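Notes follow the structure.
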Amino acid sequence: MFELIQSGGWLMVPIIACSILSLAICLERFWVLQKKRVAPTNLLSEVWMLVRSGEMTPERLQIIRNASSLGQIMVAGLNNSNHGREIMRESIQEAAHHVMHQMERFLNSLGTIAAISPLLGLLGTVIGMIKVFAEIMLQGTGNANVLAGGISEALITTAAGLSVAIPTLVFHRYFQRRVETLLIEMEQECQKLVEVVHGEREVDFE
């Protein structure tokens, strides 16, 4: 493996760096975007039971807020529920924008890696072919080993760039879709909370 990397030339260094960074981002996003950490299933019913029973203390609000992203949004709404439906909705939207920014963290970087990795491989291909033609000009076409070295470098960097870019692009699209799905679920849960708090919906989610 080391010989293969070495034969790919110096452009293998940024390609390998991109692969390590991509792997780190994917692992971090898999951990952060777990459903139980973002939008726990029974959170809405638990919050409403505490509100209805009068047991929703500032300490409990803080615990709920720190436990999940959905809890953070709900607490923002509950803190402003006494100011009317519209103010509560605006507070939820403001908190949701902040949460969305947190959920999309590093996704732009992942997309950038997916875009530049094949370009780095293409650059390696160009450099390798330049070396091949330079050797042809100096030595002619008789030395096959020299020509094979340049062609090998070109092919290795191309393959390495694509090997990084393809899975990175797949995971980038996957995380984008997961964020969208979780945001829709949280929006629905918060809409239920607003309607229940203001008496516009029956409690049908217990």
Side-chain angles (χ1 to χ4, degrees), residues 18 20-116 165-206:
C18 285
I20 295 172
L21 185 58
S22 174
L23 178 61
I25 292 174
C26 289
L27 293 176
E28 190 269 348
R29 288 294 90 186
F30 270 120
W31 173 256
V32 170
L33 296 178
Q34 295 179 76
K35 183 173 175 57
K36 65 180 181 180
R37 298 175 62 88
V38 178
T41 304
N42 298 320
L43 181 61
L44 178 57
S45 58
E46 294 173 3
V47 167
W48 176 242
M49 289 177 62
L50 290 171
V51 172
R52 185 175 57 182
S53 63
E55 298 178 1
M56 184 62 79
T57 62
E59 291 76 18
R60 287 185 180 272
L61 283 173
Q62 187 65 26
I63 293 173
I64 293 171
R65 184 180 186 278
N66 295 334
S68 66
S69 299
L70 179 58
Q72 184 178 343
I73 299 174
M74 285 187 172
V75 169
L78 290 173
N79 286 336
N80 293 276
S81 59
N82 294 330
H83 299 291
R85 176 187 174 92
E86 291 305 316
I87 299 298
M88 184 177 181
R89 286 176 60 89
E90 289 177 6
S91 301
I92 287 174
Q93 289 175 356
E94 291 174 2
H97 284 304
H98 179 67
V99 167
M100 182 176 66
H101 180 72
Q102 292 178 328
M103 293 173 65
E104 291 179 341
R105 187 183 182 192
F106 299 133
L107 292 190
N108 284 339
S109 300
L110 203 62
T112 301
I113 292 171
I116 67 172
I166 293 171
T168 300
L169 180 60
V170 170
F171 282 115
H172 179 253
R173 296 291 175 84
Y174 167 77
F175 289 128
Q176 281 186 322
R177 182 61 180 169
R178 182 158 184 79
V179 168
E180 291 174 1
T181 301
L182 290 171
L183 285 173
I184 291 172
E185 291 180 8
M186 290 192 290
E187 181 182 0
Q188 293 173 344
E189 294 295 285
C190 290
Q191 180 64 30
K192 289 180 182 179
L193 179 65
V194 172
E195 293 175 354
V196 169
V197 168
H198 291 279
E200 300 172 357
R201 183 186 181 97
E202 297 296 329
V203 184
D204 58 354
F205 46 79
E206 293 184 353

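Values in this document were obtained by computation on a predicted structure and should not be read as measured data. When a residue number appears, it is its place in the shown sequence, counting from 1.
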Can you tell me how far [atom2] of [Y] sits from [atom1] of [X], rounded to the nearest 0.5 angstrom?
{"X": "I25", "Y": "I113", "atom1": "CD1", "atom2": "CD1", "result": "4.5 Å"}
{"X": "R37", "Y": "W31", "atom1": "CZ", "atom2": "CH2", "result": "5.0 Å"}
{"X": "M74", "Y": "E46", "atom1": "CE", "atom2": "CD", "result": "10.0 Å"}
{"X": "F175", "Y": "L182", "atom1": "CZ", "atom2": "CG", "result": "11.5 Å"}
{"X": "S68", "Y": "I63", "atom1": "OG", "atom2": "CD1", "result": "12.5 Å"}
{"X": "L23", "Y": "T168", "atom1": "CG", "atom2": "OG1", "result": "9.0 Å"}

Least distance between heavy atoms, [X] atom then [Y] atom:
{"X": "S69", "Y": "V99", "result": "CB-CG1, 3.6 Å"}
{"X": "T41", "Y": "E189", "result": "O-OE1, 4.5 Å"}
{"X": "R29", "Y": "E104", "result": "NH1-N, 4.3 Å"}
{"X": "L43", "Y": "G71", "result": "CD2-N, 3.5 Å"}
{"X": "E185", "Y": "K35", "result": "OE1-NZ, 2.6 Å"}
{"X": "A95", "Y": "Q72", "result": "CB-O, 4.4 Å"}

Would you indicate whether the side-chain heavy atoms of [Y] and [X] approach each other to under 4.5 Å?
{"X": "L78", "Y": "V47", "answer": "yes"}
{"X": "L21", "Y": "S109", "answer": "no"}
{"X": "L70", "Y": "C190", "answer": "yes"}
{"X": "L50", "Y": "I64", "answer": "yes"}

I'd like to know if the side chain of [X] reaches the main chain of [Y], judged simply by a donor and an acceptor atom lying under 3.5 Å from each other, with no hydrogens or angles considered.
{"X": "R85", "Y": "V194", "result": "no"}
{"X": "H83", "Y": "M88", "result": "no"}
{"X": "Q62", "Y": "E59", "result": "no"}

Quiz item: Does atom CG of N66 have more than 12 heavy-atom neighbours from other groups under 6.0 Å away?
Solution: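 Yes.
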Quiz item: Is any NZ, NE, NH1 or NH2 atom of the basic residue among R177 and E180 found under 4.0 Å from an Asp or Glu carboxylate oxygen of the other?
Solution: yes
Quiz item: Do H98 and E94 have a side chain donor and acceptor closer than 3.5 Å?
Solution: no
Self-check item: Worked check of side chain to side chain donor-acceptor pair (under 3.5 Å) between H97 and Q93
Solution: CA-CA 6 Å; H97 284 304; Q93 289 175 356; 5.8 Å; no
Exercise. Please state whether the rings of F30 and Y174 are parallel, tilted or perpendicular, taking 30° and 60° as the class boundaries.
Key: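 Aromatic pair F30/Y174 classed tilted.
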Practice problem: Might you work through the side chain to side chain donor-acceptor pair (under 3.5 Å) test for Q191 and E187, ending with a clear yes or no? | Solution: CA-CA 6 Å; Q191 180 64 30; E187 181 182 0; over 6 Å; no
